[in-house]
Structures are given as C-alpha cells and as structure tokens.
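For the single chain, residues carry numbers from 1 onward in sequence order.
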Amino acid sequence: MGFRIDAARAKFPALSLTDKGRRRIYLDNPAGTQVPQSVADAVSRCLLTTNANLGGFFETTIAAQDIVDEAHLAMADFLGAASPQEIVIGANMTTLSYHMSRTLGRTMKPGDEIILTRMDHEGNVSPWLQLAEDLGLVVRWLPFDQQSWQIEEAALAALLSERTRLVALNYASNLTGSINRVKTLTGIARQAGALVYVDAVQFAPHGLIDVQKLGCDFLICSAYKFFGPHMGILWGRLDVIDALKPYKCRCSSNALPERFELGTPQIELMAGLSAAVDYFAELGAAAGAQGSRRRKIAKAFEVSIAYENPLTQQLIDGLSDIAGLTIHGITDPKRINERVPTVSFTVEGIVPETIVRQMNAENIFLWSGHNYAWEIVHQLGIPAEQGVVRIGIAHYNTAAEIDETLESVHRVVAMLRQERS
C-alpha cells in the first residue's frame with residue numbers, strides 16, 4: 001500500500017479553506033506546516049479538560065503529567081532515542097540552542113575551538129558565535145561545496161584539531177534543500193573528540209531520524225515544521241546531558257529531562273506534539289505497517305518520500321525551463337534522494353520579493369528573503385537584503401498544485417520582464 005494523498009489531505013482542515021472563493025496553495029512549508037485536525041483537537045482537549053500545573057495530587061494535574069510524559073515518549077519514538085529522558089522540549093529550536101550553548105560553555109575555556117558551517121540556519125550559528133565571543137573561543141568556518149551542495153568530509157577533517165570541542169552541523173539546508181551525510185561527518189568529528197550538535201529542523205518533516213545510528217551528541221528539531229504546534233525539541237545523548245549542569249532555578253528538579261526544561265511547560269502544546277507524532281504513525285498504519293509506533297513512523301516516511309520526490313523533480317524541471325533562472329541546490333534527478341523538497345531560486349534582473357508578492361496575491365503561499373540562511377546567501381554572493389524565492393513542498397501538496405505554481409512563476413517572470421523592457 002502506498003501514500004494516499006486524498007486521505008492525507010482530508011486530515012488538514014486548512015487545505016480546504018478559501019479566500020473570497022480562491023483556493024490556497026501552501027508552499028510555505030519550510031517556515032511551518034499546517035496541522036491535522038487531530039493536533040488541534042488534542043490542544044483544545046488539554047486546555048478544556050486537563051488544564052493544570054504539574055506536581056499536585058488532584059485529577060487535572062495528574063492528567064497533565066501524563067500528557068507531558070507521553071510527549072517525551074512520542075518524541076523518543078519519532079527520533080529513535082534510547083529513552084524519553086533524552087528528550088528536552090521547549091519553546092523553539094533557537095531558544096533551546098541558546099540554552100544548551102550556554103550550558104556547554106561551562107565545559108569550555110578560552111582557546112577552545114568550535115566549528116560552524118556556512119550551510120546552517122542562523123539558529124545553529126549565532127548561539128555558538130556569541131558563546132565564542134563571551135568565552136574567547138576560536139571559531140573555524142566550514143564552507144559547503146558548491147558543486148555537491150553538501151558539507152564534504154575532507155573539508156571537515158581539515159579543520160579538526162585536538163582543541164575542537166564542538167561541531168555544529170545541519171541535516172538539511174532550509175535554503176538549498178541539500179541533505180548532509182551526517183552519520184559520516186559525525187564519525188569524523190567524534191574521532192577527534194568533538195561533540196556534534198545537529199540541526200534537523202528541515203529534515204524532520206521529510207525523513208526518518210535515528211539519533212542512535214547517527215552517532216551525534218545532540219539533535220534538534222521543530223514540531224511546527226512536521227505538522228505539530230510551535231515547539232522545539234532537543235535530543236541529547238543520555239551520558240552527555242546527564243553530565244551537564246544547566247542554568248536553572250535553584251529549587252527546580254535536578255532530574256532528566258526536567259532540569260533542562262525551564263519554567264512551566266507548554267502542556268497543551270505537548271498534547272499537540274504527541275498527536276503530530278501519532279499522525280505519522282497513522283500514515284504508516286494506513287500504508288500497511290504493523291507493530292510499534294516507531295515502525296509505523298518509519299513506514300510513513302518511506303511512502304511520503306516516494307510521494308514527495310516526484311513532486312520535487314516536477315518543480316525543478318518546470319523551473320529549469322525559465323531562461324535566466326538559477327536553482328540554488330541539487331537539480332540532478334539521480335540525486336533527488338540527497339535533498340528535501342525545498343527549492344530556492346533567483347532570476348537574473350528580478351528582485352525575489354517582486355515575484356513572491358505577485359504569487360502571494362494569487363494565493364500561492366511562499367517566501368522570499370534569506371530565510372535565516374545568512375551564511376549560505378553570503379557564500380553564494382546573493383544580496384542578503386534580497387535573498388531567494390523559496391518554494392517548499394509538504395506531503396499534502398499535489399501535482400496539480402505544482403503545475404499551477406509553475407504556470408504562475410512563468411507568467412509572473414514574463415510579466416516582470418515585460419515591465420522592465
């Protein structure tokens with residue numbers, strides 16, 4: 001059994017909304033996906049029936065604790081973690097990364113080195129840059145290869161030294177869509193004695209993550225990128241995070257993962273987080289998977305990848321027909337499995353925002369700008385104040401929507417060129 005697009009779309013109320021009778025095409029997915037009804041229901045149900053703080057002995061507080069525990073267990077299943085104790089849930093990826101960077105900073109001293117890539121989202125760059133400034137650390141920059149669009153192993157190996165304490169990597173770029181060979185890169189870094197911190201925000205909606213197989217020490221993702229509520233999730237290898245002393249209130253719990261989760265948790269959003277993970281499990285079950293939730297999630301990604309990849313190639317092929325248009329990322333059909341379905345482009349002589357404004361007016365939702373891929377646009381020589389046009393596919397999009405989007409891009413580019421001439 002394969003991926004049933006009609007059944008999947010039926011779970012998302014937003015996909016049937018119209019504006020003054022005009023349909024919506026959601027291709028803004030790298031910035032945040034829509035949610036299935038089950039996620040909204042879970043959030044609402046929590047607020048209406050189990051709304052209490054934690055730590056008491058009455059019914060609502062006990063039920064709230066169950067929701068929190070289930071959210072950690074669900075994310076352990078989603079990421080392939082060894083224990084829910086390894087799952088830290090917080091406001092968002094950037095906030096969690098800042099918190100963890102300061103915690104890890106307690107283990108570093110002036111002259112220690114960290115490696116940052118030119119491929120990462122700013123949320124996996126600025127926390128470390130500012131930590132380096134605070135502590136007198138040395139920052140080593142790792143560029144991506146502009147032929148492969150990936151971080152190459154030899155380039156990483158050349159930067160490592162006995163003073164390297166941490167390597168921050170991304171799993172997939174939020175601008176180029178390229179997927180890095182994280183397991184191999186992690187192995188090289190770990191051999192040098194460095195910790196590895198992986199940003200999987202853009203990969204998580206499009207591929208199965210197995211943190212134990214990757215071998216990294218930390219991995220972070222965002223629920224609102226994979227059909228859930230606005231939350232960030234950090235996985236930390238148990239032996240690593242258990243040895244760390246986070247910044248926290250003196251009287252708050254020292255247990256894992258509570259000591260990394262500052263303040264009152266977003267309990268209602270944790271309910272939605274569990275529902276988002278269960279949505280993947282339901283997709284896997286509908287495709288024929290049986291057994292554990294993890295096995296069903298794996299099947300969901302198997303069938304959704306097989307569905308998404310042809311849409312991505314359809315988009316790339318259609319954009320490639322436009323003279324003067326440059327796709328910044330992998331375009332070779334033989335390498336389609338080395339990218340997520342996020343496609344960014346520029347058109348010679350046309351400011352990206354002018355294209356996006358026209359398409360947004362047609363109710364085709366997409367973005368322009370640097371999209372916090374600050375280092376990427378600078379390495380590519382793209383003006384940061386302009387950036388790119390970014391189109392991001394999710395598994396609820398259709399071939400008909402891609403056709404309509406391509407027709408719009410062709411027409412808008414032709415119109416803008418006509419206005420210039």
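At a cut-off of 3.5 Å, with distance as the only test, no side-chain donor of Tyr26 or Glu401 sits close to an acceptor on the other residue. Arg9 and Gln34 share no side-chain donor-acceptor pair at under 3.5 Å. Side chain to side chain, Asn92 and Thr95 meet the donor-acceptor criterion of an N or O pair below 3.5 Å. Donor-acceptor pairing under 3.5 Å is recorded for the side chains of Tyr197 and Ser97. No hydrogens or angles considered: nothing links the side chains of His99 and Glu261 as a donor-acceptor pair under 3.5 Å. Between the side chains of Trp128 and Asn124, at least one donor-acceptor pair of N or O atoms lies under 3.5 Å. Remark: the Lys248 side chain and the Asn254 side chain contain an N/O donor-acceptor pair separated by less than 3.5 Å. Side-chain contact check for Glu122 and Ser126: at least one donor-acceptor pair (N or O, by modelled atom type) lies under 3.5 Å. Side-chain atoms of Asp120 and Thr117 form a donor-acceptor pair, as typed in the model, at a separation below 3.5 Å. In the model, Gln386 has no side-chain atom that pairs as donor or acceptor with a side-chain atom of Glu353 under 3.5 Å. Side-chain atoms of Asp199 and Asn174 include no donor-acceptor pair closer than 3.5 Å.
The side-chain tip of Arg118 points at the ring of Trp141 from less than 6.0 angstrom away and within 45° of straight on.
Rounding to the nearest 0.5 Å gives a distance of 4.5 Å between CG of Leu195 and CG of Asp217. Between atom CD1 of residue Ile151 and atom CG of residue Leu156 there is a gap of 8.5 Å, rounded to the nearest 0.5 Å. Rounding to the nearest 0.5 Å places OG of Ser304 at 7.5 Å from CG of Leu283.
Asp66 places no side-chain N or O within 3.5 Å of a backbone atom of Ala64 that could act as its donor or acceptor partner. Within the 3.5 Å criterion, the main-chain N or O of Ala40 finds no donor-acceptor partner in the side chain of Ser44.
By the 4.0 Å N-to-carboxylate-O rule, Arg163 lies too far from Glu113 to be salt-bridged with it. Ion pairing of Arg102 with Asp134 is present here, as a side-chain N (NZ or NE/NH1/NH2) and a carboxylate O approach within less than 4.0 Å. With salt bridges taken as basic N to acidic carboxylate O contacts below 4.0 Å, none links Asp77 and Arg294. The pair Arg181-Glu152 meets the salt-bridge criterion, since a charged nitrogen lies less than 4.0 angstrom from a carboxylate oxygen. Classification of Arg293 and Asp278 as a salt-bridged pair holds, one side-chain N sitting under 4.0 Å from a carboxylate O.
Remark: aromatic rings of Tyr307 and His395 are distant, center separation not under 6.0 Å. Checked against the 6.0 Å centroid threshold, Tyr279 and Phe12 count as a close aromatic pair.
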Val88/Ile233 under side-chain contact (heavy atoms from CB on, under 4.5 Å): CA gap, chis, key distance, verdict:
CA-CA 6 Å; Val88 178; Ile233 303 95; over 6 Å; no
Show, in sequence, the C-alpha distance, side-chain angles and deciding distance for Gln65 and Asp69, and conclude whether the side-chain hydrogen bond (donor to acceptor under 3.5 Å, both in side chains) test is met.
CA-CA 6 Å; Gln65 184 64 60; Asp69 292 343; 2.9 Å; yes
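Between Phe203 and Ile179, some side-chain heavy-atom pair lies under the 4.5 Å cut-off.
Contact record, Gln313 with Thr331: NE2-O, 3.6 Å, taken as the closest heavy-atom pair.
The number of heavy atoms from other shown groups lying within 6.0 Å of CD (Gln212) is above 12.
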